[in-house]
Every structure is written in C-alpha cells, then in structure tokens.
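So that the names make sense, note that chain A is the first sequence line, chain B the second, and so on, each numbered from 1. Since the model is a prediction, treat every value here as computed from it, not as a measurement.
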Amino acid sequence: MDFLTGLNDVQKAAVTAADGPTLVIAGPGSGKTRVLTYRIAWLLQQGVAPDQILTLTFTNKAAKEMKERISHVMGNAANRVWAGTFHSIFARILRAEASKLGFPATFTVYDTDDSSSLLRSIIQEMQLDPQVYNVGAVRSRISLAKSNLMTPQVYRSNEEWMTQDRQQKKPFIVDIYEKYMQRCKLAGAMDFDDLLLQLFRLLRDNPDNVLEKYRKKFQYIHVDEFQDTNFLQYAILRRLIKYDGSKENLFVVGDDAQSIYAFRGATIDNIIDFERDYPDLKVYKLEQNYRSTHHIVAAANQVISHNKKQLQKTIWTDKNERQKIKLLKCLTDDEEAKRVADLILEYKNRYHIPNQEIAILYRTNAQSRKFEEYLRRQNLAYRVFGGMSFYQRKEVKDLVAYLRIAVNPIDEEAMRRVINYPTRGISDSTLQKIGKVANQLNCSFWDAMTQVPDITDRAKKSIAAFRTLVLKWQEQTTKANASQLATDILRQSGLFDTLKADTSPEGQSKVENVVSVIDAIAEFVNGEVPAAEIAGADEVQDKSLAAYLQTVTLLTDADDNKQDTDRITLMSVHSAKGLEYQCLFVTGMEEQLFPSFMSSEDPNGLDEERRLFYVAITRAKELLTLTYCQNRYRYGQIRSFPPSRFLEEIGPEHFEISGGFGSARNAGREQEVVSNGARVSGVTPVRRNNGPIQSTVSAAAQAAFSASPAEAIVAGVTVLHLKFGKGTVLSVEGPKDGKIAAIQFEQDDVPERRIVLKFAKLQVLES
DNA sequence: TGACTGTGGGTTTTT
DNA sequence: CCCACAGTCA
C-alpha cells in the first residue's frame, strides 16, 4: 500500500492490525489522527464496505477532519463511512428508531439551557429552595448519574449517592431527576445525555431485534479520544461488539495523559476495563512526537510525571532545540494581555508567522476579554471560540423554538419560550395554570393548554388561536420544503416584524441572524453537505426540518469554521485539544486559576488540571510562552495569587525568563507557605517591596473571603483584611458616611491602623 | 401585562 | 464584574 510509506513502524503495525480489539495509546503529536484515518483507508482498500465502518469522535470538527483526510486518500468512498460525534450519530439512529422507545421521530434535543429551564420549573413546582437546589449543580448531578447508567430507580437504591445527597442537604435530587425524566418524555425531548442513555436502552431492551441490525451494520467501530468516553458510552460500545461470533472490531485511540473530561463522567477506567474485558487486546504505543521541539516535549514529560496514575510511556522527539519556553511575569492581567499582543507582533515581524498559526489559551472563557482588547488595539485579527455561540443568541433560539414546536408541538420548553413572544396576551399566571394542569393530568403541556379552567376568555381565545397556527405549521412540516416553511413561520409568528421594529444596529443584526438561520436551513435541504451533517450513510439523507433541528442543537461555534480568513485563535484549553499551533500562549498560570480553585482540594481534580496543562503546552510546535500575573481582576476585585505550581514542575533549563523581576521559581519560593495551598487560614508576615498589592493572606483564605457590611464592623469584633490579615477592632468613630475604625492587626508592627470603612474590605470573623 | 430597576449571587471545562 | 431574577411602577 503506497500510502503506508510515510508511517513509522508502530503506526504501520497499528494501521494494518488484524481484526479484533485494538488499543492505540498515542502521545501528543504522535500521529494519532493519521493512524485512525489510514486505518479506515486501509480497511476500505481491503474491501470492507464503507457503510460498515463507524467512527466516533467527540467534536464535529474532529469528525469532519477525519472525513476529509480519508477522502484525501480514498476519494468518494469516504463519504459513505459513518463518521461523526457520539451524539450526532446516536441522534441519527434514535431518529430512525424513536417509536420503539415511545418517542416521536421528531423528538427535540434539549440543550443545556432547556434542561436548566425545565429543572427550574420542577424545583419551583416541588417548592424546594432554589438556593439549596442550585439548578446548575442539580443538572450536573443528574448528568453524572446518566453517564454512569443510573436511572432514577437505580439512583434511589444506590446508598452511596443517596448518602452524598443527604450530606449535601439535597435529599430530593433523585425526585427531581425522576420528575425531569417524565417531563422530557412528555415533551418528546432528549437532552445530550439521553442521546446516549436512550440508545443504550434501545440496545438493551432490543425491541424488534434492533440490536442485531446495528451489530450487523457496524462491523468496524473506531473511537477517537477514547480516554474521554464515559461508562455509558463504553457500555454501548461493548453491547455493539460483544456477542457470539463477533469479530470484536473495536479500534480505539487515546491518551490517558490527555483525559480532561472526568468532571463530566469520562473515565480512563475504560482503558483499563478494555484491557480486562478483552484479554487478547492488541496494544500499540505511539511515543514519538512529531509536533513539538525538545524543550516543549521535555517540559511536558516533567509536568505529567507528577501524576501518579498513568500508563507508562516515554514521549520523545528528534526535533532540534531552538527556542526555550518563554515565561512572562506580569503585574496585572492588563499587562499580560498587552505583552502577549506585543510579543505576537514581534514574532510576526521576526518569523513571519501567519495568524492561523497563533493561539492564546486560557483556563476560563472569561479571560478572553483583555486579550481581545489589546489584539484589537494592535489591529490583529482574531477569533474567539467558546462562549456565546451563534445558536445561543436569543433571537436565533426564539426562531429555533418556533421551528421546534412546529415539528414537535409537545416540546414544552420551546412552547414556553415563544407562546407569548411576541406578546399574545398569555400571561405568566396562565402558563403556571397550564403547567399545573399538565402535572395533574400527567399529560404534555400542549395537551394541557386546552384544558385549563378559570382563565379569561381572552387568554382562552389567544391559546386556541396559537394552537391553530401551530397545527397549521405542523401539517406543513411533511409537505413543504423546510426552508420555505421556516420562512413562513418566521413571518406568521410575528417574530420577523417584532425584530424589524427595532431599528438599532443590534436590532438589525438580529434580523440578519434569523435570516441566516433560514439560509442555513436552505443549505441543509439543498444538499450542500454542511459542516453539521458529517454522518454519511447508505440511506437517503434525512432533509427534514426535524433532522436539521436535531443537528443544530449539537453544534458549537467551533464548528462553523469560516476559516477563510487568517485569524489568531483565542480559546479555552479544553477546546484546544487536538489542535496545534506554531506559536502558542498559555496564559493565567496562577494558583486558583490554573489549577482552578474548584480542584484545589481534591487530588484527583488536581491531577486532571495537570493533564489539562499537559494538553495545553503540547499544542505548541515551536514557540511556547507561559504567562502569569501578580494581580488579576476577579469577581470585580483585584486579587493576587502566587504563580501556578505547575510552573515549578518544569525544570528551569527549559525556561527563558522574560521581563518582571526574578523567575517564577523565586516568586514561588517567596510564597512557599501559600503556594502549596495547604494552609487555609494561614496568615504570613507582611512582606514589602514585592509589587504594589501584597497579600499576607493565603490564597485559599482569599478565595473564601467575603466582605462584611460596614455596620457589622463595631468595636470588639475580630476582622480579616486582605492585606493586613487578622485584627481586632478597637473603636469606630466618625460620621455615618465616613466611619473610621481603629484596628490592631496581629501581624503588624504599628499599634493600630485607622481604616476608612467606606473603602476597606473587611470580613467579620467573630464578634 | 410589560418594562425597568435594583439587588443579590455566582463565577471550570462541553456534546 | 456580569448575569439572572424579583419586585415595582407605568
């Protein structure tokens, strides 16, 4: 096979491996995608039918890239290979089999907002305290349960989970979960996790021998980024390949060191279980890194060696040394952004690097702002990934909600969203009543709409009129062309007029946005294979509005790659996985940020952060710059944290320190007590001459700090000040608006400090 | 019923 | 700092 010539021995062996379960452990930059695509190309060349090949990825982008690369080698046959994300492929199967599960084929896919909003309603209806039952927390708990294949029944009988809930003082989570499942069912809706869970149910309950059908269909299954699969995903895979007479063709590629989705249920136990479940598993290790220069690879190895739990492998490179890793120490986040922008300019001048080879990574999306500001100032073109995507904009969601109820009128969340927008005289209290009736009759919101007693005639009429409109649209879904129907809906709903009435620039861009949704639908219908629809198949492509809607929900803005322009990339470290850049900045390398404060207590969490950092630095091909700040705006306040511990895990021989005063290692040493995060309430002596704002309070204590109101500061109480530490209030005097407190701080050489309460932030510790 | 204001509370990563 | 929500006013 001539296309095999460019591969090294291990890659070649993996690509041409015989039938049977196969695991490829692939370090960063080791040609993982290459192996996967060539494997598929090789199978095709061996005469395997393309539609018997299934390839599952985590992102649409990865799937798309895979398809392109296969077709590069194999031409058109690639189009008939099933390649897509777990979610999109499964949605496709579920669409075909929905009736077997008691769902309409036009089922809605609830996105995170829909889930949250439904949960909010449920929590309210159950009269639970929304403070205690925080929607986000409840949602992720339920999601985690689903990822671990725990139905509400299983959850209820699981002592460990129930005990955890009781300890968290949230004993009713399981009841919310149960209710939530019922409501999704009544609304003909599945959330992201349901796309996996319902598929599992389908394969387990096996109505009409559907399991056999898919076992036959998918003779060769491949999984990319296997370390990111959760228990449920592995359970599905196992069900598909483990049976008598199966060739067990599960070919997975992954890297335990790059597992960064444990928080949403991914578990590298799947790799271990894979080896255990299939004793004749063939394992290949790709250890040569073709991407990065020596310093980067060596630094990455040093970092990851701090994690205990990992599969043994040695990543190496034969690339020349070239640049060391640059370390920028900055005073503020403002300066950080400025210096990054300046450095980009300098690099561009010196090395002529195109923008698309440059990326700025950060731990949290909120950090992007400052960089945007300074890139704009330097006239550098950039693109921010993550954050609000096109399909999350209000006007777009509104139109999509209309389309959703046309296709699937029982979709409760979509209905609630638009039933009174534009206003139709259907009030909030009316909606509440409908919800109540739906609950009592255990029917859908849609059905309940006609059965509400004691509402005004006006409301009744409005509801009836709206239902008629929706039914008319629904009728058209099977007759009219999807984009024509969408246009009609946009107009007849009144949405278009409402948007046009707003003549402000923002208002006009809203109009443009809804119009471009219509365009996207037209494109979808007219067969230009959109980035969204990667899953090719032997059967005719489903061009229905329902198919479009289900696809659209699974898109993120990383997917609409308008890569026609040459722009600098700004994104979170998570979304950078799988990508590579000649010139890379990893920013905000500070304790409590990277590693995140959420993970600082839990060693597993810390290991995951470390893997995340590993992923971050291994994205760089040549020029890697790490930055950190002494002071950073967070929660609207200036906070200061020591440099990230991860910086100290890289040997100084790989660094070139730039700017600031002293190395990160020194900075770290100075605050040793603080930087290992062990001391929670520790207060260390004031140290001067080290930056404008010097905190004596440990990072953890700072994170826990919350200022008390001025009234609470009275003589005798013990207070905490971020700069001076713990102290006792001696007296308070002055006018109401200018109260001055005399405070004796423990770690202080002056007898008392006079603090103007209006400006100072003090937390009362005890009174 | 809708728009506006203030307040209070939360801030990780994504299909 | 920013958002979402609650409560108030027109």
Side-chain angles (χ1 to χ4, degrees), chain A residues 56-63 84-91 109-113 115-117 120 124 130-131 134-137 139-140 143 146-147 190-197 225 228-230 232-233 259-266 333 361-367 369-370 385-389 391-392 420-431 456 458-459 462 532 550-559 571-577 588 592-600 602 605 608-609 611-613 615-616 632-639 703 706 709:
Chain A
L56 298 167
T57 64
F58 277 86
T59 63
N60 294 300
K61 209 193 225 164
T85 64
F86 277 89
H87 295 267
S88 70
I89 297 273
F90 290 0
V109 177
Y110 271 180
D111 68 10
T112 311
D113 284 350
S115 299
S116 294
S117 138
R120 201 170 288 124
Q124 197 184 9
Q131 312 269 306
N134 168 279
V135 173
R139 185 168 38 70
S140 51
S143 171
K146 287 181 178 175
S147 308
M190 301 190 199
D191 66 19
F192 291 141
D193 302 306
D194 288 334
L195 293 175
L196 313 180
L197 189 60
E225 309 280 14
D228 288 334
T229 52
N230 60 35
L232 172 53
Q233 284 160 325
S259 158
I260 55 173
Y261 285 110
F263 71 94
R264 69 182 210 213
D333 46 350
L361 305 187
Y362 31 75
R363 180 64 180 80
T364 68
N365 282 314
Q367 287 163 254
R369 286 187 142 215
K370 278 269 151 41
F385 289 85
M388 175 89 77
S389 83
Y391 288 99
Q392 284 175 329
N420 202 34
Y421 178 79
T423 51
R424 297 187 176 83
I426 301 170
S427 73
D428 234 30
S429 65
T430 305
L431 291 185
T456 59
R458 194 171 135 234
S462 291
Q550 286 164 359
T551 309
V552 136
T553 313
L554 299 174
L555 288 182
T556 54
D557 72 343
D559 298 323
M571 59 166 61
S572 70
V573 179
H574 278 89
S575 27
K577 195 174 62 165
Q592 308 296 315
L593 185 61
F594 201 179
S596 155
F597 68 98
M598 297 292 288
S599 64
S600 48
D602 159 33
E608 173 143 323
E609 294 285 317
R611 291 191 295 267
L612 193 54
F613 182 53
V615 167
R632 172 183 298 281
Y633 264 99
R634 259 179 117 181
Y635 327 111
Q637 274 179 26
I638 292 177
R639 299 296 197 92
S706 81

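A residue-by-residue look at T364(A) and R458(A) shows that R458(A) has its nearest nucleotide of DNA chain B further toward the 5' end. Ranked by how close their nearest DNA chain B nucleotide is to the 5' end, E609(A) and I426(A) are led by I426(A).
Picking from dT13(B), dC2(C), dT11(B) the nucleotide with the shortest atom distance to the side chain of F263(A) gives dT13(B). Distances from the side chain of S572(A) to the nucleotides dT12(B), dT13(B), dT15(B) place dT13(B) closest. In this structure, the nucleotide among dT11(B), dT13(B), dT15(B) sitting nearest to the side chain of T59(A) is dT15(B). For N134(A), counting side-chain heavy atoms from C-beta on, the closest listed nucleotide (dT11(B), dT14(B), dT15(B)) is dT11(B). For F192(A), taking side-chain heavy atoms from C-beta onward, the closest of the listed nucleotides dT13(B), dT14(B), dT15(B) is dT15(B).
The distance between atom CE of M598(A) and atom C1' of dT12(B), rounded to the nearest whole Å, is 7 Å. Remark: C1' of dT13(B) and CZ of F594(A) are 10 Å apart, rounded to the nearest angstrom. When rounded to the nearest whole Å, the span between OH of Y261(A) and C1' of dT12(B) equals 11 Å. At whole-Å resolution of the value, CG in N420(A) and C1' in dG2(B) are 10 Å apart. Across the protein-nucleic acid pair, Y633(A) atom OH and dT11(B) atom P stand 22 Å apart, rounded to whole Å. Nucleotide dT14(B) holds its P atom 13 Å from the CZ atom of R139(A), rounded to whole Å. When the P atom of dT14(B) is taken as reference, atom CZ of R363(A) falls 9 Å away, rounded to whole Å. With rounding to whole Å, Y362(A) atom OH is found 10 Å from dT13(B) atom P.
Ion pairing between D191(A) and R139(A) fails under the 4.0 Å rule for side-chain N and carboxylate O.
The residue F86(A) sits apart from the nucleic acid: no heavy atom pair falls under 4.0 Å. Within 4.0 Å of F58(A), counting heavy atoms only, lie sugar-phosphate atoms of the nucleic acid but no base atom. Residue contacts for T423(A): at a heavy-atom cut-off of 4.0 Å it reaches the sugar-phosphate backbone alone, with no base atom in range. Note on D111(A): nothing from the nucleic acid sits closer than 4.0 angstrom, heavy atoms only.
OP1 or OP2 of dC2(C) sits under 4.0 Å from a side-chain N or O of R369(A). A close approach under 4.0 Å does not occur between any side-chain nitrogen or oxygen of N365(A) and OP1 or OP2 of dT11(B).
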- Task: Test Y633(A) against R369(A) for side-chain contact (heavy atoms from CB on, under 4.5 Å), laying out the working first.
- Result: CA-CA 12 Å; Y633(A) 264 99; R369(A) 286 187 142 215; over 6 Å; no

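Shortest non-hydrogen contact noted between L612(A) and V573(A) is O-CG1, 3.4 Å. The minimum heavy-atom distance between Y110(A) and T553(A), with the atom names listed, is C-CG2, 4.4 Å. Taking all atoms of both residues into account, the shortest heavy-atom contact from R611(A) to S259(A) is NE-O, 2.6 Å. Of all non-hydrogen atoms in L195(A) and H87(A), the two that sit nearest each other are CD1-O, 3.9 Å. The two residues R363(A) and E609(A) make their nearest non-hydrogen contact at NH2-OE2, 2.7 Å.
In this structure K370(A) satisfies the salt bridge (charged side-chain N to carboxylate O under 4.0 Å, His left out) test together with D334(A), sequence neighbours excluded.
Comparing the C1' positions of dT12(B) and dC5(C) gives a spacing of 23 Å, expressed to the nearest Å.
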- With the sugar-phosphate defined as primed atoms, P, OP1 and OP2, and the base as all remaining atoms, what B/S/- string results for nucleotides 5-10 of chain C, 5' to 3', for protein heavy atoms under 4.0 Å? S-----

